[in-house]
Amino acid sequence: MAQSSSSYEPVEAAGKFHQVIFENDRVRVLSVNIAPGETVPFHQHTMESIFVTLQPSALVFKDLQGNVVKEVREDEYASLPFAEYRQAAPAPRSVTNVGGETMKAMRIELKDPD
């Protein structure tokens with residue numbers, strides 16, 4: 001069952017997996033952890049961000065209709081930590097850790113990217 005659009009905020013919709021570790025008027029830093037076999041409920045990151053992978057795992061992302069929209073393999077990272085820029089997500093997604101390691105990351109959300 002889909003959540004209402006207002007409940008897709010990551011800390012509200014998936015607080016078990018997204019913990020705020022720092023916030024001010026410019027940025028919000030989230031610690032992200034997904035254990036093997038766990039599925040993060042539908043949520044949407046509406047801010048541009050820097051995503052820093054600390055411990056990779058194989059992940060499967062699905063849209064609200066259950067379609068796979070992205071897959072990540074554990075061996076995609078040449079070195080760790082791995083940092084990448086991410087645009088705001090266009091729609092809510094769920095994420096399942098199908099790998100054998102706990103995925104650990106930091107997401108630095110840019111509240112005012114200009």
Side-chain angles (χ1 to χ4, degrees):
M1 181 163 103
Q3 300 140 287
S4 70
S5 61
S6 64
S7 67
Y8 292 125
E9 200 289 322
V11 176
E12 293 176 22
K16 175 182 175 185
F17 306 95
H18 298 90
Q19 288 80 45
V20 177
I21 60 170
F22 177 81
E23 184 169 14
N24 66 20
D25 61 333
R26 307 278 320 253
V27 300
R28 179 171 77 164
V29 180
L30 302 175
S31 173
V32 183
N33 295 282
I34 310 169
E38 288 192 311
T39 297
V40 181
F42 286 101
H43 64 287
Q44 184 174 9
H45 294 278
T46 58
M47 291 181 262
E48 295 176 20
S49 64
I50 305 301
F51 193 83
V52 182
T53 301
L54 304 170
Q55 172 63 54
S57 194
L59 305 173
V60 174
F61 295 75
K62 292 185 179 179
D63 65 15
L64 290 169
Q65 292 72 41
N67 301 308
V68 173
V69 294
K70 181 179 178 181
E71 294 184 65
V72 175
R73 296 186 331 263
E74 292 177 50
D75 62 357
E76 288 183 23
Y77 304 93
S79 63
L80 294 171
F82 180 80
E84 60 188 306
Y85 166 80
R86 292 193 177 172
Q87 293 184 337
R93 302 284 188 251
S94 70
V95 184
T96 301
N97 183 341
V98 296
E101 300 289 333
T102 296
M103 191 285 298
K104 297 180 182 182
M106 305 290 279
R107 181 183 289 270
I108 304 159
E109 298 177 321
L110 310 172
K111 292 184 176 182
D112 183 10
D114 298 327

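Fair warning: this is a prediction, and the values are worked out from it, not measured in the lab.
- Note that NE2 of His45 and OH of Tyr8 are 14.0 Å apart. Values are rounded to the nearest 0.5 Å.
- Leu54 and Tyr85 fall within a single hydrophobic cluster, where Ile, Leu, Val, Met, Phe, Trp and Tyr side chains are chained together by heavy-atom contacts under 4.5 Å.
- Side chain of Gln19 to backbone of Gly15: a donor-acceptor contact under 3.5 angstrom is found.
- A heavy-atom distance below 4.5 Å is not found between the side chains of Ser49 and Leu110.
- Taking 4.5 Å as the limit, every side-chain heavy atom of Gln55 sits out of range of all side-chain heavy atoms of Thr102.
- Side chains of Val98 and Glu71 form no contact here, defined as non-hydrogen atoms less than 4.5 Å apart.
- Within the structure, salt bridge (charged side-chain N to carboxylate O under 4.0 Å, His left out) pairs that include any residue of residues 88-107 do not occur (at least two apart or interchain).
- No donor-acceptor pair closer than 3.5 Å links the side chain of Glu38 to the backbone N or O of Asn97.
- The hydrophobic clustering, which links ILVMFWY residues whose side-chain heavy atoms are closer than 4.5 Å, places Met103 and Phe17 together.
- Smallest separation of non-hydrogen atoms from Ala14 and Pro41: CB-CD, 3.9 Å.
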Output a table of donor-acceptor pairs, distance under 3.5 Å, between side-chain atoms of residues 76-84 and any protein atom two or more places apart or on a different chain; print 'none' if there are none.
residue : atom : partner : partner atom : Å
Glu76   : OE2  : Arg73   : N            : 2.8
Glu84   : OE2  : Arg86   : NH2          : 3.3

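- The side chain to side chain donor-acceptor pair (under 3.5 Å) search around Thr39 returns Thr96, not counting sequence neighbours.
- Taken from CD in Glu48 to CG in Asp112, the straight-line distance is 10.0 Å, to the nearest 0.5 Å.
- Partners of Ala88 by side-chain contact (heavy atoms from CB on, under 4.5 Å), not counting sequence neighbours: none found.
- Remark: Asn67 engages Asp63, Gln65 in a side-chain contact (heavy atoms from CB on, under 4.5 Å) (not counting sequence neighbours).
- In this structure, Lys111 contributes its side chain and Asn24 its backbone to a donor-acceptor pair below 3.5 Å.
- The nearest pair of heavy atoms linking Ser57 to Gly99 is OG-CA, 3.4 Å.
- Residues passing the side-chain contact (heavy atoms from CB on, under 4.5 Å) test with Phe61, sequence neighbours excluded: Leu59, Val69, Lys70, Val72, Val95.
- Separation of atoms CG (Asn33) and CE (Met106) is listed at 9.0 Å; rounding is to 0.5 Å.
- If you chain together hydrophobic residues whose side chains sit under 4.5 Å apart, Ile50 and Val27 fall into the same group.
- With values rounded to the nearest 0.5 angstrom, Gln44 atom CD is found 10.5 Å from Glu9 atom CD.
- By the criterion of side-chain heavy atoms lying less than 4.5 angstrom apart, applied directly or through intervening Ile, Leu, Val, Met, Phe, Trp or Tyr residues, Val32 is grouped together with Val11 in one hydrophobic cluster.
- Transitive grouping of hydrophobic side chains (ILVMFWY, heavy atoms separated by less than 4.5 Å) keeps Ile34 and Phe42 in distinct clusters.
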